[in-house]
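This report refers to the structure that appears directly beneath it.
Heavy-atom basis, side chains included; hydrogens, waters and symmetry copies ignored. Source: prediction; values computed, not measured.
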Amino acid sequence: MVSGGFEVYQKRLAELKERIAQACARAGRDPEDVKIVGVTKYVGVEETRSLIEAGLHDLGENRISVAAPKLEAIPAVTGVRWHFIGHLQTNKVKDVLGHFAMIHSLDRLSLAKEISKRAVAAGLVVPCLVQVNVSGEESKGGLAPQEVAGFLQAAKELPGLAIRGLMTMAPVAEDPEAVRPVFRGLRELRDALLGQGLLAADAQELSMGMSGDFETAVEEGATLVRIGSVLVKP
Ligand SMILES: *Cc1c(COP(=O)(O)O)cnc(C)c1O
């Protein structure tokens, strides 16, 4: 799947930033507060390099097997920050540690314990986002919104984790307005947890919005948008 090189990506990135800026303007937000995580799962090493050259330094992958060749070719020392955004099996935690700057998909206590245990052993503290299933769709991962407070309470005891905020995936919808309540729900949950002291001041990240719905997510407060198709698909 060839989708183009540096120039194509530069143009698409400029268009994406413009659309984010317009969404920010509608919501009275500063575009500096929205970071693009470029999802590279559809492309190989060469295209990923072009994307970096075009100006993206935060990259996301949802599977270790697909990420591995890129992690090897483009390690963290290059200044690229890799984000793990997919379902993480407990037995894959060892492959994620040290390679990813942030895990967006912390969705159960057993996973949190495994990450913390291995992180402590390696002398690391791993920034994580708690994945929340706001929509309640069965096919979606994540904790139910009412489970998050208890989870955060338990996660406080885990020294290898640094919770930085929340993440959600919205249902696929033709009309991005249909998913607005999902994004708003995640923001309201974050604000409630901040108010209760269960999220700290440095844990306000909201990872939400993908190619089909990022403008709505930005209007509702997204600080990290995970964008694949509109950047890298042919
Ligand atoms: C693939 C993927 C994305 C990006 O999706 P696009 O619609 O291609 O932008 C975002 N988040 C997760 C968790 C993904 O797996």
### Sidechain-backbone polar pair: R12 side chain, L231 backbone, donor-acceptor under 3.5 Å
yes
### Under-4.0 Å salt bridge between E219 and R180
yes
### Contact summary for V218 and C24, nearest pair of heavy atoms
CG1-SG, 3.7 Å
#### Entry: Gap between atom CD of Q131 and atom SG of C128 - 0.5 Å precision
12.0 Å
### Message
Under 4.5 Å between side-chain heavy atoms, counting indirect links through other Ile/Leu/Val/Met/Phe/Trp/Tyr residues: same cluster for I227 and M102 or not?
### Response
no
### Task
Using atom types as modelled and distance alone, determine if a side-chain donor or acceptor of R190 lies under 3.5 Å from a backbone N or O of L206.
no
### Query
Rounded to the nearest 0.5 Å, how far does CG of L88 lie from OG of S105?
5.5 Å
### Message
Counting only heavy atoms from other residues, nucleotides and ligands, does the tally under 6.0 Å from CD of E53 exceed 12?
### Response
yes
### Message
Please say yes or no: joined through hydrophobic side-chain contacts below 4.5 Å, possibly via intermediate residues, are V134 and L189 part of one cluster?
### Response
yes
### Residue pair M208 / A222: nearest heavy atoms and the distance that separates them
O-CB, 3.4 Å
### Message
Quick check on E177: does its CD atom have over 12 non-hydrogen neighbours (other residues, nucleotides or ligands) under 6.0 Å away?
### Response
yes
### Task
Please answer: with hydrophobic residues joined when any side-chain heavy atoms are less than 4.5 Å apart, are L224 and L13 in the same cluster?
no
### Message
Test: ring-ring contact (aromatic ring centres under 6.0 Å, His included). Region: residues 176-201. Which pairs qualify, not counting sequence neighbours?
### Response
none
### Query
Does the side chain of Y42 come within less than 4.5 Å of V66's, by heavy atoms?
no
### Message
On a heavy-atom basis, which atom in A217 and which in G209 lie closest, and how many Å separate them?
### Response
CB-CA, 3.5 Å
#### Entry: L194 to A200 - nearest heavy-atom pair and separation
CD2-O, 3.3 Å
### Message
To the closest 0.5 Å, what do you measure between NE2 (H99) and NZ (K94)?
### Response
11.0 Å
### Query
With sequence neighbours left out, what residues match F214 under ring-ring contact (aromatic ring centres under 6.0 Å, His included)?
none
#### Entry: Basic-acidic side-chain contact under 4.0 Å: E15, K11
yes
### Query
Under 3.5 Å, side chain of S229 to main-chain N/O of S211, donor-acceptor pair present?
no
### Task
Output, in order, the C-alpha distance, side-chain angles, deciding distance and verdict of side-chain hydrogen bond (donor to acceptor under 3.5 Å, both in side chains) for E114 and T90.
CA-CA 7 Å; E114 175 70 9; T90 308; over 6 Å; no
### Message
Please check: side-chain N/O of W82 versus main-chain N/O of K70, any donor-acceptor pairing under 3.5 Å?
### Response
no
### Query
Does K117 have any side chain to side chain donor-acceptor pair (under 3.5 Å) partners at least two apart in sequence or in another chain, and if so, which?
none
### Task
Not counting sequence neighbours, which residues clear side chain to side chain donor-acceptor pair (under 3.5 Å) with R187? List them please.
E220
### Query
Going through the checks in order, is the side-chain contact (heavy atoms from CB on, under 4.5 Å) test met by H87 and R63?
CA-CA 8 Å; H87 176 72; R63 291 173 66 174; over 6 Å; no
### Task
Drop me the distance from R118's CZ to D95's CG, to the nearest 0.5 angstrom.
9.0 Å
Side-chain donor/acceptor pairs under 3.5 Å, residues 154-168, sequence neighbours excluded:
unit_1: K156; atom_1: NZ; unit_2: G197; atom_2: O; d: 3.2
unit_1: R164; atom_1: NH1; unit_2: D202; atom_2: OD2; d: 3.1
unit_1: T168; atom_1: OG1; unit_2: V132; atom_2: O; d: 2.6

### Query
Should Q153 and L198 count as side-chain neighbours, where that means a heavy-atom distance under 4.5 Å?
yes
### Message
Working note: L143 + N133, criterion side-chain contact (heavy atoms from CB on, under 4.5 Å); need CA distance, chi angles, decisive distance, verdict.
### Response
CA-CA 6 Å; L143 296 168; N133 186 356; over 6 Å; no
### Task
Any chance you could lay out the side-chain contact (heavy atoms from CB on, under 4.5 Å) test for V37 and L59, step after step, and finish with the verdict?
CA-CA 5 Å; V37 177; L59 301 176; 5.7 Å; no
### Query
Linking I/L/V/M/F/W/Y whenever their side-chain heavy atoms sit closer than 4.5 Å, directly or via other members, would L193 and L109 fall into one cluster?
yes
### Query
Has Q146 got more than 12 heavy atoms of other residues, nucleotides or ligands less than 6.0 Å from its CD?
yes
### Task
Look up atom CZ in R49 and atom CD in E46, then write down how far apart they are to the nearest 0.5 Å.
5.5 Å
### Task
Heavy atoms only: give me the nearest F100-F84 pair and the separation to one decimal.
CD2-N, 3.3 Å
#### Entry: V179 reachable from V39 in the ILVMFWY side-chain graph, under 4.5 Å edges
no
### Message
Working to the nearest 0.5 angstrom, can you tell me the gap between I115 CD1 and L124 CG?
### Response
12.0 Å
### Query
Would a 4.5 Å heavy-atom cut-off, applied to side chains only, mark V130 and D107 as touching?
no
### Query
Around K113, counting heavy atoms of other residues, nucleotides and ligands shown, do more than 12 lie under 6.0 Å from its NZ?
no
### Message
According to side chain to side chain donor-acceptor pair (under 3.5 Å), who are the partners of T48, at least two apart in sequence or on a separate chain?
### Response
none
### Query
Is there side-chain contact between E47 and V232, with heavy atoms separated by less than 4.5 Å?
no
### Message
Walk me through whether I85 and E61 qualify under side-chain contact (heavy atoms from CB on, under 4.5 Å).
### Response
CA-CA 6 Å; I85 61 175; E61 286 281 342; 5.9 Å; no
### Message
Ignoring hydrogens and geometry beyond distance, is a side-chain donor-acceptor pair present between E205 and T223 at under 3.5 Å?
### Response
yes
